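If you scroll down you'll find the structure; I have some questions about it.
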Amino acid sequence: MSTQNQVLSATGRTRLRRHSERGKTEHADLLAVLDAGMICHLGVVVNGAPLVLPTAYGRIGDTLYLHGSSANRSLHAADGQEVCVTVTHVDGLVCARSVFSHSVNYRCAVVFGTARIVTDEAERLAGLRAVTEQLIPGRWDAVRAPTRKELAATSVLGIPLSEASVKVRTGPPGDEPEDLDLPVWAGVVPMAQSFGEPEPDPALRPGIVTPDHIQVRAGLAPTSRSA
Ligand SMILES: Cc1cc2nc3c(=O)[nH]c(=O)nc-3n(C[C@H](O)[C@H](O)[C@H](O)COP(=O)(O)OP(=O)(O)OC[C@H]3O[C@@H](n4cnc5c(N)ncnc54)[C@H](O)[C@@H]3O)c2cc1C
């Protein structure tokens with residue numbers, strides 16, 4: 001069942017204890033943080049010890065999909081296990097007048113759930129497509145589809161978005177009132193992720209122009225309109 005219009009239900013482990021006023025309570029807030037990202041961190045217990053690794057992801061409805069080699073240790077350790085996935089955006093460095101009050105402006109999602117290796121072929125393909133499209137919208141249909149051998153070498157992990165928290169910090173530093181008169185610069189250094197000019201593969205066949213989906217991803221005008 002889709003929970004797109006629902007409120008994020010706080011559970012024992014998703015209830016924010018520190019700075020709970022920074023918590024977001026709409027399911028839409030969770031989707032906004034996830035959809036704005038490309039890389040998550042998957043936390044899973046492997047052989048009795050925690051392992052947290054960065055990896056790409058995609059989303060279809062209320063399922064997060066991760067993919068990797070069939071030999072990927074953490075994906076397979078996660079099958080049928082409780083995992084924790086985080087997605088973080090750093091929006092600025094918050095410079096206070098005191099060392100103690102320095103902070104970071106951010107949007108962050110933490111997802112808990114039982115992961116499963118996806119075995120249904122249609123869902124596997126959809127999951128792989130979602131991961132690709134999360135990185136570069138429009139890419140899946142523009143490139144060669146995976147072969148059976150490539151698919152056999154790839155695992156897809158599904159994680160439900162049913163238990164999650166979202167925490168967001170915005171705004172200026174929160175110095176103590178007695179520090180406000182200190183002769184120290186305070187404020188926020190905004191931070192944003194951006195793409196550079198696409199660099200064609202030196203081995204690119206002559207005559208292939210940069211496609212629109214790459215131009216758009218790089219924040220440039222589509223080639224077909226700029227020609
Ligand atoms: C980029 C960045 C940098 C940070 N740097 C620091 C730092 O240097 N020092 C520091 O103390 N804290 C930092 N934080 C905040 C940190 O993530 C924790 O929220 C905070 O430390 C409270 O930890 P806790 O264990 O007391 O969490 P609790 O409030 O006890 O956590 C309870 C539950 O709240 C939810 N939750 C907690 N934190 C987050 C989060 N960030 N996003 C979404 N859900 C969350 C989780 O579901 C968690 O299980 C940073 C956060 C970000 C995104």
Side-chain angles (χ1 to χ4, degrees), residues 2-46 48-66 74 77-78 80-116 134-135 157-176 179 182 184-195:
S2 170
T3 49
Q4 305 254 346
N5 298 318
Q6 291 183 6
V7 167
L8 281 179
S9 50
T11 65
R13 55 183 176 179
T14 63
R15 187 170 295 107
L16 271 69
R17 293 166 184 87
R18 289 266 307 134
H19 284 297
S20 58
E21 78 285 358
R22 294 179 185 166
K24 297 285 175 188
T25 53
E26 299 293 321
H27 192 72
D29 297 320
L30 171 66
L31 301 190
V33 172
L34 297 178
D35 292 353
M38 290 182 290
I39 303 299
C40 67
H41 285 83
L42 169 66
V44 57
V45 174
V46 181
L51 178 68
V52 179
L53 293 178
T55 190
Y57 68 93
R59 180 182 73 81
I60 301 175
D62 283 331
T63 303
L64 213 56
Y65 290 99
L66 279 54
S74 57
Q81 302 299 320
E82 282 287 317
V83 300
C84 180
V85 176
T86 63
V87 173
T88 306
H89 306 279
V90 177
D91 295 326
L93 303 179
V94 181
C95 305
R97 293 161 185 81
S98 70
V99 167
F100 184 84
S101 294
H102 277 70
S103 190
V104 179
N105 278 342
Y106 62 80
R107 291 160 287 144
C108 186
V110 174
V111 175
F112 295 99
T114 303
R116 66 189 162 93
Q134 182 86 16
L135 293 168
L157 193 73
I159 300 156
L161 292 176
S162 48
E163 189 179 0
S165 57
V166 176
K167 196 171 174 180
V168 176
R169 190 201 188 281
T170 56
D175 273 307
E176 295 301 325
D179 287 336
L182 289 175
V184 176
W185 187 88
V188 173
V189 184
M191 196 175 147
Q193 198 168 41
S194 64
F195 292 99

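Read the numbers this way: they start at 1 and go in the same order the structure lists the ligands and their atoms. This one's a predicted model, so the numbers in the text were calculated from it and none came from an experiment.
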Is it true that a side-chain atom of Arg59 and a backbone atom of Gly61 form a donor plus acceptor pair closer than 3.5 Å?
yes
Sequence neighbours left out, what passes side-chain contact (heavy atoms from CB on, under 4.5 Å) with Leu135? Give chain and number order.
Met38, Ala56
CG/Leu51 to NE2/His41 distance, rounded to the nearest 0.5 angstrom?
11.0 Å
Hits for side chain to side chain donor-acceptor pair (under 3.5 Å) against Glu21, two or more places apart or cross-chain, chain-then-number order -> His19
Filter the ligand 1-protein atom pairs down to N or O on both sides and distance under 3.5 Å, then list them.
| unit_1 | atom_1 | unit_2 | atom_2 | d |
| --- | --- | --- | --- | --- |
| ligand 1 | 19 (O) | Lys167 | NZ | 2.7 |
| ligand 1 | 29 (O) | Arg17 | N | 2.7 |
| ligand 1 | 29 (O) | Arg18 | N | 3.0 |
| ligand 1 | 44 (N) | Ser165 | OG | 2.8 |
| ligand 1 | 47 (O) | Arg13 | O | 3.2 |
| ligand 1 | 47 (O) | Ser165 | OG | 2.8 |
| ligand 1 | 49 (O) | Arg13 | O | 2.4 |

Applying salt bridge (charged side-chain N to carboxylate O under 4.0 Å, His left out), name anything that partners Arg13, two or more places apart in sequence or on another chain.
Glu82, Glu163
Is there a donor-acceptor contact under 3.5 Å from the side chain of His102 to the main chain of Val94?
no
